[in-house]
Asker: 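Right, I'll just put the structure down here and ask away after.
Just so we're clear, the structure is a prediction, and the values are computed from it rather than from any experiment. Naming: A, B, ... by sequence-line order, numbering from 1 per chain. Keep in mind that the numbers below use all heavy atoms, side chains included, and drop hydrogens, waters and symmetry copies.
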Amino acid sequence: MQNLLDKLNPSQQKAVTHTQGPLLVLAGAGSGKTRVLTYRVAYLIKECGVPPYMILAITFTNKAANEMKERLVQILGDDGERVWARTFHSACVRILRQEIDAIGYGRNFNILDAADAERLVKECVSELNLDEKAFAPKIVIPVISDAKDNMLSPGDFLKRFGNDYRYKNIGRIYELYQKKLKIQNALDFDDLITLTVKLFEENPSILEKYQNRFRYILVDEYQDTNNSQYRLIKLLSQKYQNIFVVGDDDQSIYKFRGANIRNILDFEKDFPNAEVVKLEQNYRSTQNILDAANAIIQNNTGRKGKRLWTQNGQGNKITLYTAFDEFDEARFVSDKILELVERGKTYKDIAILYRTNAQSRVLEESLTHSAIPYRVLSGIRFYDRKEIKDVISYLRLIKNTDDDLALKRIINEPKRSIGKTTVDKLALLAARYQISMFEALKRDEILESLQRAAGKLVEFRDMILSLKEMVNKVSVEELLKQTLEKSGYLQMLQESNDPDDMDRISNINELINGAAKFDETSDDPTFENYMDQISLVSDIDNYDDAQDTVVLMTIHSAKGLEFPCVFLCGMEEGLFPSLKSLLEEDGLEEERRLCYVAITRAKEELFISHAKSRLVFGKTEKSRVSQFVKEIPDGLLNKESAYEETPAVKVYDFTKPQPSAFTSSLLNMAKKEKKDFEFNFKKGDYVEHTKFGKGIILEITPVGNDYHLQIAFDEVGTKNLMAAYAVDKLKKI
DNA sequence: CGGCGACAAGTTTTT
DNA sequence: CTTGTCGCCG
């Protein structure tokens, strides 16, 4: 253990060796907070003799939970496995699967994701004959979510807001929504937390059981907790007060999801006798990067106050690039990446970050043209793809046949000639009998009244029941394969002519592989556990740096990650900070924290770019540089621009009129063209590329002032290159 | 009942 | 510009 402590600085040591009573660790970006968390767990077990199962370590993402688990196993061996290192959601699911009958739900509840919740809300709105636009899910769901976060039941909500027409109706939607969830024995994401709180508040003996069990509680990313999560923590830690939270008020970026920064700011008030440890030494970035981050964040009010420093040295200046438009920006990014790689960086050292997912497209195109391998951690989760959701819906229905949402999704997918009219009729009859739709399919009198369609419905019902028979008799992988077979889903895709369906099949194969992996690696590979796991993962959880590619993602997704080189794109007013944030109270401060998070992802090199104009909804809009960029001291920046070839040596001659931005950019582009184009290849030429080796040109297509080349290389396969970039690296052979 | 075409709306971030 | 939804027609 002493060796472990030797690896820590004095502040970190102080945190790790604090064992009794509440402690807040204010951990700046890159200050080694994961190390502190894991070492503290190790310290409790090894030095204080705390049994591992008495420790609960809570994180927000599965990735963080798995990372912590891995590191604990490294230090502690088997004892590491026995610590509960889980996300809020998965910890709650685990508790609810044991105890939820105490509050009137069945233990085999299904978990709805955001898309399901949206569909359910739409159903409610239409059943209540409310206007679909005024009560769109976008409006209704955040209100319901907020009500749940504050532990307001539909009744409480109506009592409090029932005077307002709009809120009264949202209250009615909430009421119906919750009723439907109950009938289907389903929980949404918020329910996982709030029902656990409700369970504990209404059942003191159950609460006490878990208080005794989890004698030591650790919470990561404490600044992201919302009200119900705070309440949960508070309840669980009430008896023994061993609550150890780690967070950074400057990195609170999830207000829109209910995160309440008050939780971290008021920790000392909430937990009397709390101690506070600040971790300010940064082990990640260069001093220049930290100076920029510090300069920006100090414009926020209501901070705990921290100033990051490092022994890593000053490092290079931050590059700031002023682009003509987003295409020029993308080209800058690609060019710089090629340069970095030439200087010895690998692709996986590089991340491209942006505010909104929509920005990725142009960047992707440019990367493709430059033959730079990349991955996008997209906004669409793997499990959100249609074909995956369809298949999962089968599994959900098999697991819990009362899941009407799942049933509706797949009852006619593939086509079984069970049309909308039939489904609506069935739903109506089920509602009349107060039972789920699948239950209705078991009643003769209901089937009779459906007449013509009854045969098909019975066929569907029996198919599901026969699959249900197999649950936990065969592996999850096998169950999945049987489902694809018996439902005819796979066959439908295989017989399709749509090229997209080929991708769908490969996605489904990936799902099968995932299930097989689950069967092999899970310590308890039941069907139920599999379903819980897939309900709670996101794409970022699957990010691994094993593949050597550049990675693109939103800043939100990048939280908790680090890269030697970071590109921060689209630093423009209205985009970042976003237009909407400027209208919200404290919105700008949240954006500034987001900017702080973005900058502190970089270890060595940081490139910031903004465009003078950008296409928005297909229209060209002028844009100004982000105010956050202006908050960075000039001395830290190395400015480059589409408008000037060599800004450092350029002498301005103010006696002559300056060219307008537009003309100067055109001049600049013309210059580039002249330089770049000595292009004398033709289709069928054998060529050698400095990176890809030998190949043959398959196709040359003019694109604007450039040429698109398709070249089949002997070793790396067929690549698409743009002549302007490739020409220097290509020669005829 | 299913497929296709027209039109509208939307881009902030997601466990 | 793209995606999703709605309505009409076969």
Asker: I want to confirm an ordering. Mapping A:Lys415 and A:Glu591 to their closest nucleotides on DNA chain B, which one lands closer to the 5' end?
Answerer: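 It is A:Lys415 whose nearest nucleotide is closer to the 5' end.
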
Asker: Record whether the side chain of A:Arg257 comes under 3.5 Å of the base of B:dT13 through a donor-acceptor pair of N or O atoms.
Answerer: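 There is none.
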
Asker: Please check if atom NZ in A:Lys33 has more than 12 non-hydrogen atoms from other residues, nucleotides or ligands closer than 6.0 Å.
Answerer: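 Buried by this count: over 12 neighbours within 6.0 Å.
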
Asker: Under 4.0 angstrom, heavy atoms only, what part of the nucleic acid is A:Asn412 near: base, sugar-phosphate, or nothing?
Answerer: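 Counting heavy atoms under 4.0 Å across all strands, the contact made by A:Asn412 is with sugar-phosphate only.
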
Asker: Under 4.0 Å from OP1 or OP2 of B:dC1: is there any side-chain N or O of A:Thr422 that close?
Answerer: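 For B:dC1, OP1/OP2 do have a side-chain N/O of A:Thr422 under 4.0 Å.
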
Asker: Over all strands shown, is A:Arg361 touching base, sugar-phosphate only, or nothing at heavy-atom distances under 4.0 angstrom?
Answerer: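 Sugar-phosphate contact only.
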
Asker: For A:Glu365 and C:dC1, what is the distance between atoms CD and P respectively, to the nearest whole Å?
Answerer: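 From A:Glu365 CD to C:dC1 P: 13 Å.
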
Asker: Roughly, in whole Å, what's the span from CD in A:Glu572 to C1' in B:dT11?
Answerer: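 After rounding, the reported distance stands at 15 Å.
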
Asker: Does B:dT13 have OP1 or OP2 under 4.0 Å away from a side-chain N or O of A:Ser581?
Answerer: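 No, no such contact exists.
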
Asker: Rounded off to whole Å, could you give me the CG-to-C1' distance for the A:Asp220 and B:dT15 pair?
Answerer: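 Value for this atom pair: 14 Å.
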
Asker: Could you state the atom-to-atom distance from CD of A:Gln359 to P of C:dT2 in whole Å?
Answerer: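 So the CD-P distance, A:Gln359 to C:dT2, works out to 17 Å.
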
Asker: With a 4.0 Å cut-off on N to O distance, would you call A:Glu326 and A:Arg331 a salt bridge?
Answerer: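 No, this pair does not count.
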
Asker: So, is A:Lys122 near the phosphate of C:dT5, with a side-chain N or O under 4.0 Å from OP1 or OP2?
Answerer: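 Indeed, a polar side-chain atom of A:Lys122 lies that close.
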
Asker: When the C1' atoms of C:dT5 and B:dT12 are compared, how many Å lie between them, rounded to an integer?
Answerer: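 After rounding to an integer number of Å, I get 23 Å for this pair.
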
Asker: Could you check whether A:Lys386 pairs with A:Asp390 (Lys NZ or Arg NE/NH1/NH2 to Asp/Glu carboxylate O, under 4.0 Å)?
Answerer: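 So A:Lys386 pairs with A:Asp390 through a salt bridge.
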
Asker: Looking at side-chain heavy atoms only, is the closest gap between A:Lys148 and A:Asp188 below 4.5 Å?
Answerer: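 Answer yes - side chains close enough.
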
Asker: Under 4.0 Å between a side-chain N/O of A:Asn357 and OP1 or OP2 of B:dT13, yes or no?
Answerer: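 Checking B:dT13 against A:Asn357, a side-chain N or O does come within under 4.0 Å of OP1 or OP2.
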
Asker: Take the protein atom NZ of A:Lys559 and the nucleotide atom C1' of B:dT15, then report the distance between them rounded to whole Å.
Answerer: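 Atom NZ in A:Lys559 sits about 11 Å away from atom C1' in B:dT15.
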
Asker: Do A:Ile352 and A:Tyr374 come close enough that some side-chain heavy atom pair is under 4.5 Å?
Answerer: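 Result no, sub-4.5 Å side-chain heavy-atom pair not found.
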
Asker: Can you find a side chain N or O atom of A:Ser557 that sits less than 4.0 Å from OP1 or OP2 on B:dT14?
Answerer: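 The answer is yes; a side-chain N or O of A:Ser557 sits under 4.0 Å from OP1 or OP2.
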
Asker: Is it true that A:Asp325 and A:Lys612 have a side-chain N and a carboxylate O under 4.0 angstrom from each other?
Answerer: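 The answer is no: the pair does not qualify as a salt bridge.
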
Asker: Does a side-chain N or O from A:Lys138 land closer than 4.0 Å to OP1 or OP2 of B:dT11, or not?
Answerer: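 Yes.
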
Asker: How close or far is atom P of B:dT14 from atom OH of A:Tyr354, stated in whole angstroms?
Answerer: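 Computing the A:Tyr354:OH to B:dT14:P distance gives 10 Å.
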
Asker: Looking at B:dT15 and A:Tyr254: do their rings stack (centroid distance under 5.5 Å, interplanar angle under 30°)?
Answerer: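 Stacking is absent between B:dT15 and A:Tyr254, given that the ring centres and planes do not meet under 5.5 Å and under 30°.
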
Asker: If you check the A:Phe189 side chain, which of B:dT15, B:dT14, B:dT12 turns out closest?
Answerer: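 The answer is B:dT15, which lies nearest to the side chain.
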
Asker: For A:Ile418 and A:Ser578, find the nucleotide of DNA chain B closest to each by heavy atoms; which residue's nucleotide sits nearer the 5' end?
Answerer: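 With A:Ile418 and A:Ser578 compared, the 5'-side residue is A:Ile418.
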
Asker: Roughly how many Å is it from CD1 in A:Ile534 to C1' in B:dT15, rounded to a whole number?
Answerer: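 My rounded result for the distance is 16 Å.
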
Asker: Please report, rounded to the nearest Å, how far the C1' atom of B:dT15 is from the NZ atom of A:Lys148.
Answerer: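 These atoms are roughly 14 Å apart.
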
Asker: Is there a donor on the side chain of A:His556 or the base of B:dT14 sitting less than 3.5 Å from an acceptor on the other?
Answerer: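 Donor-acceptor pair under 3.5 Å: no.
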
